[in-house]
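All values reported here derive from a predicted model rather than from experimental measurement.
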Amino acid sequence: MKPLKEKISITIDGDILEKIKKAAEKDDRSLSQYINIVLKEHLKKAEKNCSSK
């Protein structure tokens, strides 16, 4: 079973939001899906960097 999604509210710089929107559209994904993917990739890299130290 997939984990439940949680709804949050964030404030993000306009220029960053525009870039993320364009990237999501290019990848044919919703903004929410794209942000989840980007955050998951970032966390994997961060965890890998922490474990290698």
Side-chain angles (χ1 to χ4, degrees):
M1 187 162 100
K2 282 189 172 185
L4 297 175
K5 302 280 183 174
E6 298 217 21
K7 210 174 238 196
I8 64 166
S9 176
I10 63 169
T11 302
I12 189 166
D13 293 341
D15 58 332
I16 294 171
L17 180 58
E18 285 306 311
K19 289 178 183 180
I20 293 173
K21 281 182 180 179
K22 286 179 185 176
E25 187 176 312
K26 185 177 179 180
D27 206 31
D28 197 29
R29 297 187 183 274
S30 70
L31 181 61
S32 179
Q33 286 177 319
Y34 192 79
I35 290 171
N36 270 296
I37 290 168
V38 170
L39 289 174
K40 283 178 187 177
E41 288 177 10
H42 173 75
L43 290 171
K44 281 182 190 176
K45 288 179 185 177
E47 288 172 0
K48 185 178 177 183
N49 288 339
C50 287
S51 64
S52 65
K53 290 182 180 180

Subject >> Partners passing side-chain contact (heavy atoms from CB on, under 4.5 Å) against I37 (at least two apart in sequence or in another chain) >> reply: R29, E41

**OP:** Give every residue pair that meets the side-chain hydrogen bond (donor to acceptor under 3.5 Å, both in side chains) criterion with at least one member in residues 3-25, sequence neighbours excluded.
**Re:** none

Subject >> Over all atoms of both residues, closest heavy-atom pair of A24 and S30 >> reply: CB-O, 4.0 Å

Original post:
Does some side-chain heavy atom of I20 sit less than 4.5 Å from a side-chain heavy atom of I12?
Top reply: yes

**OP:** Check side-chain hydrogen bond (donor to acceptor under 3.5 Å, both in side chains) between N36 and all other residues, then give those that pass, not counting sequence neighbours.
**Re:** none

Original post:
Can L43 be reached from I35 by stepping across I, L, V, M, F, W or Y side chains whose heavy atoms are under 4.5 Å apart?
Top reply: no

